[in-house]
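One structure below.
The analysis underlying the following values was restricted to heavy atoms, covering all of them including side chains, and did not include hydrogens, waters or symmetry mates. Note that the coordinates shown come from a computational prediction; the quantities given were computed from them, not determined experimentally.
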Amino acid sequence: MTEILDENHIIAERRQKLSDIRKSRVAYSNHFKPTHKSHLIHSQYGELNGEELVQKEITVSIAGRMMLKRIMGKASFATINDGTSKIQVYVSKEKIGEAVYDEFKHFDIGDIIGAHGTLFRTKTNELSISVTKIELLSKSLRPLPEKFHGLTDQEQCYRQRHLDLIMNEESKNLFIKRSQIIHSIRDTMVRESYLEVETPMMHSIPGGATAKPFITHHNALDMQLFLRIAPELYLKRLIVGGMDRVFEINRNFRNEGLSTRHNPEFTMMEFYESYADYKRMMEITEQIIRKAALDSVGKLVISYQGREVDLAKDFDRLTIVESIIKYNPEFSTTQLNDIDFLRQTLTKLTRKAPSDNESLGVLQLLLFEENTEAKLWQPTYIIDYPIDSSPLARQSDSNPLITERFELFVVGRELANGYSELNDPEDQAERFKKQVAQIESGNDEAMHYDADYIRALEYGMPHTGGCGIGIDRLVMLLTDAASIRDVIFFPQMRAI
RNA sequence: GGAGCGGUAGCUCAGCCGGUAGAGCAGCUGACUUUUAAUCAGUUGGUCAUGGGUUCGAAUCCCGUCCGCUCCA
C-alpha cells in the first residue's frame, strides 16, 4: 500500500531501467569481486605522482555506491563510495565502448557499481581510476537526498538510519567511534582479568534496579516474564559461583519516557570483582573511561557541547551534602541536616511536598537531584548514598544510615553507579522486605523480594565491588552528541 | 503532562498581514573527452502532514488531531 503511494516518476523511471536490465541479464548479480578498498588505494598510492602511476600501471577493481556523476559528452567522472572512502572514476567511451558507455550514462546516483581500471592522476591531480570495465551491480530504485545538503531532517535520520549513514559521514564516523569505545572497554576489562559473560534478558522477577519493566509472556511455560531492567542479581549469582571477576555489556529495558538521555532499551556494562570494594570500583571506572577516551578521541581533555571536560585529573569525590554546598553555597551543613528545612526547600523547589516518611538522607538526595546534579560538569563521584535508596549496597561500617556507594556524574548526567555489594543474606532479605512494603504502599518502581537470589547469597558471596556504566551516555560524552538518539542506530520512535 | 518551534516536489528550502504553488539539486531530452555541488539549453514532477472552521476565495487566518525537535515537570 505505502509502496504504491510512495511511487513517483523518479522511482517509476528507475523501475523501468531495472526492468530493461532484467530483459538481458541477471539484475542483481553477485559475481563481482573487488580487489581493493578506496582508503587503502589512497594510503598506498596517494604519494605517487602522475608519471609514477603511469609507469606502475596499478590495476584495481572497486565496488561501491555512486554518489556523484558528471557526464561531459564522450567522457565522464563519477565518485564512488565503497564504504571506506570515496574515489573518483574516469569513464570514457573510447575505453569501455559505446554500448557500455550509453548504459553508464543512465546509471543513477545511488546505484551500486563495480569498476575495474588503472590508477592515474587527473589534470587537477586527483588520484582516480581510469575505467576499462564498469557494471551496475545493484540498481537503486529510490533517489538519494540532494548531493550538496544531504539529509538534514533529524526524524529521517533516526527512522531511516541507512540513509543517514549513506549521506552523512559524521554520523557514520560517530558509530565507528561507538564501536571503538566498546572495544576499548572490553580490552580494559579483559586485561584486568575480567570474564565476559551473558546473563538472561528475560527475568521472572525484575530486579537489580528501581524501574518499571516491560512485561511479556512465555506461551509454552505459560508464565509472565519481564525484560530485564538490570543484570545485577544474575552477575552476583556468578560471583557466588566463583567466577570472581565478571562483566557484561548488553541491553537493559526500562518502561519509561523518552528524552535526549533516555531510550527504552539502552546499553550498560556491569562488572563485579570479588574481594574488592567501591573504592576499587571508582578507580577502575576512571581507568576504563580514560582508556576509552584515548582510544576513540585520542585525548583526555575533550569538548562537550562547547565546554571543556577534563578526564585527565583525578575525578572529584564528594558526599551528597558536600556537593550541595560546593555548588549551592547559600546552604549550610546545619540546614542540610535539618529535616524540616529540607522539606520546606524541596516543597518550594518542586512545588510539591516530598512524601511523609522520607529519611534525612533521602531528602538530601532529593535536593541534590534538584539543584546540584545538573551542575556537575567535570567528572565527580558522589559518595555515601542513603541506605533506604540503595537496597543492594553494603552498609557503611562507620555509619549505618549510609552505604558504600557512588554515582559518577559528568556533564550534569549520571554516567555510572557502583558500590560495595551487600553480601549479607539476612541483611539483604530485610532490605527486600522493606522494598516490598514500598510496593504495597504504591511505589511501582520498588524492588521485589527475590527468594532465589537470597538463597544464592546464603551459600556465601565473597565481599565484592560492583559497578554499572551507561554505555550510550559514555558514547554521547566522547562523541559530543547532544541526544542519546544520535548514538543508537535505531532509537525508539513513535509508529507512524 | 505543559510550553515553544517545525512538517510545502525524492532531497534542501522559498512562499505565510488570503487572490492561478516556486527555486536549486535529483530525474528526463539535447550539447560537451580532465570534471570536482561540472557547465549550458529545454522539460517532467505537488492531497502544501491531517480533519474541520472562517471566507467569494486558504499553503497562508482560527480550532482539533498526528509526527518530529527543544525546553520544563
Side-chain angles (χ1 to χ4, degrees), chain A residues 2-18 20 50 53-54 65-81 86-98 101-102 104-111 117 119-131 139-160 162-164 166-169 256-262 305 346-354 366 369-371 373-374 412 481-486 491-496:
Chain A
T2 47
E3 285 295 312
I4 292 161
L5 287 175
D6 277 354
E7 213 80 330
N8 64 21
H9 72 282
I10 297 178
I11 295 173
E13 273 151 11
R14 291 187 178 205
R15 276 194 201 284
Q16 187 54 52
K17 289 177 187 176
L18 174 60
D20 291 344
L53 285 172
V54 170
R65 194 180 296 276
M66 185 166 73
M67 302 304 292
L68 291 170
K69 188 172 75 158
R70 297 176 286 278
I71 291 184
M72 304 163 305
K74 298 184 184 67
S76 304
F77 287 97
T79 303
I80 293 176
N81 187 337
K86 289 172 183 164
I87 189 152
Q88 178 170 263
V89 296
Y90 174 73
V91 185
S92 70
K93 188 190 261 189
E94 189 189 15
K95 285 231 172 83
I96 63 169
E98 186 159 359
Y101 189 74
D102 284 345
F104 167 78
K105 282 203 281 189
H106 293 280
F107 287 2
D108 288 295
I109 288 174
D111 286 350
L119 297 181
F120 78 112
R121 281 192 185 274
T122 63
K123 276 182 182 169
T124 52
N125 210 33
E126 178 164 347
L127 183 62
S128 308
I129 301 171
S130 177
V131 168
K139 184 70 196 162
S140 165
L141 294 176
R142 290 181 181 272
L144 287 182
E146 195 232 355
K147 63 189 174 191
F148 186 56
H149 299 92
L151 184 68
T152 61
D153 185 276
Q154 277 192 73
E155 184 172 0
Q156 293 269 62
C157 290
Y158 296 150
R159 286 190 195 271
Q160 298 202 67
H162 49 279
L163 272 186
D164 178 39
I166 290 169
M167 299 307 298
N168 299 319
E169 209 182 347
E256 290 158 5
L258 286 75
S259 80
T260 47
R261 279 147 293 166
H262 298 89
Q305 305 293 298
L346 278 165
T347 308
K348 215 182 295 169
L349 283 175
T350 62
R351 281 177 238 106
K352 205 177 89 186
L366 289 171
E369 287 171 355
E370 203 57 42
N371 69 3
E373 186 174 322
S483 170
I484 196 169
R485 290 178 203 107
D486 296 327
Q492 191 61 51
M493 301 291 278
R494 213 179 281 271
I496 45 171

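Nucleotide B:A58: unpaired (no Watson-Crick or G-U wobble partner with both distances less than 3.5 Å). B:U39 and B:A31 make up a base pair, with Watson-Crick or G-U wobble contacts both under 3.5 Å. Checking B:U47 for Watson-Crick or G-U wobble geometry (two distances, each under 3.5 Å) identifies no partner in any strand. Across all strands shown, the partner of B:C5 is B:G68, judged by Watson-Crick or G-U wobble contacts whose two distances both fall under 3.5 Å. The nucleotide B:G10 finds its pairing partner in B:C25, both defining distances of the Watson-Crick or G-U wobble pair being shorter than 3.5 Å. The base-pairing partner of B:U20, taking Watson-Crick or G-U wobble contacts with both distances under 3.5 Å, does not exist among the strands shown.
Within 4.0 Å (heavy atoms only), A:Glu155 reaches sugar-phosphate atoms of the nucleic acid but no base atom. A:Ser483 comes within 4.0 angstrom of the backbone, heavy atoms only, and of no base. Contacts of A:Phe120 with the nucleic acid, taken as non-hydrogen atoms under 4.0 Å apart, include base atoms. Contact annotation for A:Arg70: base contact, defined as any heavy-atom pair under 4.0 Å involving a base atom. In this structure, A:Thr152 reaches the sugar-phosphate backbone alone: every heavy-atom distance under 4.0 Å involves primed, P, OP1 or OP2 atoms, never a base. Among the heavy atoms of the strands lying under 4.0 Å from A:Thr260 are primed sugar atoms or P, OP1, OP2 only; no base atom is included.
Place A:Glu370 and A:Lys123 on RNA chain B by their nearest nucleotides, and A:Lys123 ends up nearer the 5' end. Comparing A:Glu94 and A:Gln492 along RNA chain B, the residue whose closest nucleotide (by nearest heavy atom) sits nearer the 5' end is A:Glu94.
Taking only distance into account, the side chain of A:Gln88 meets the base of B:U35 through a donor-acceptor pair shorter than 3.5 Å. For A:Tyr90 against B:U33, a side-chain-to-base donor-acceptor contact under 3.5 Å is present. In terms of polar N and O atoms assigned as donor or acceptor, the side chain of A:Thr122 comes within less than 3.5 Å of the base of B:U35 in a complementary pairing.
Neither side chain, A:Asp164 nor A:Gln160, offers a donor N or O lying under 3.5 Å from an acceptor on the other.
Residues A:Leu144 and A:Arg65 come closest through the heavy atom pair CD1-CD, 4.2 Å.
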For nucleotides 27-31 of chain B, list the nitrogen or oxygen atoms of the protein found under 3.5 Å from its nitrogen or oxygen atoms, one pair per line.
unit_1 : atom_1 : unit_2  : atom_2 : d
B:G27  : O2'    : A:Glu13 : OE1    : 2.1
B:C28  : OP1    : A:Lys17 : NZ     : 2.6

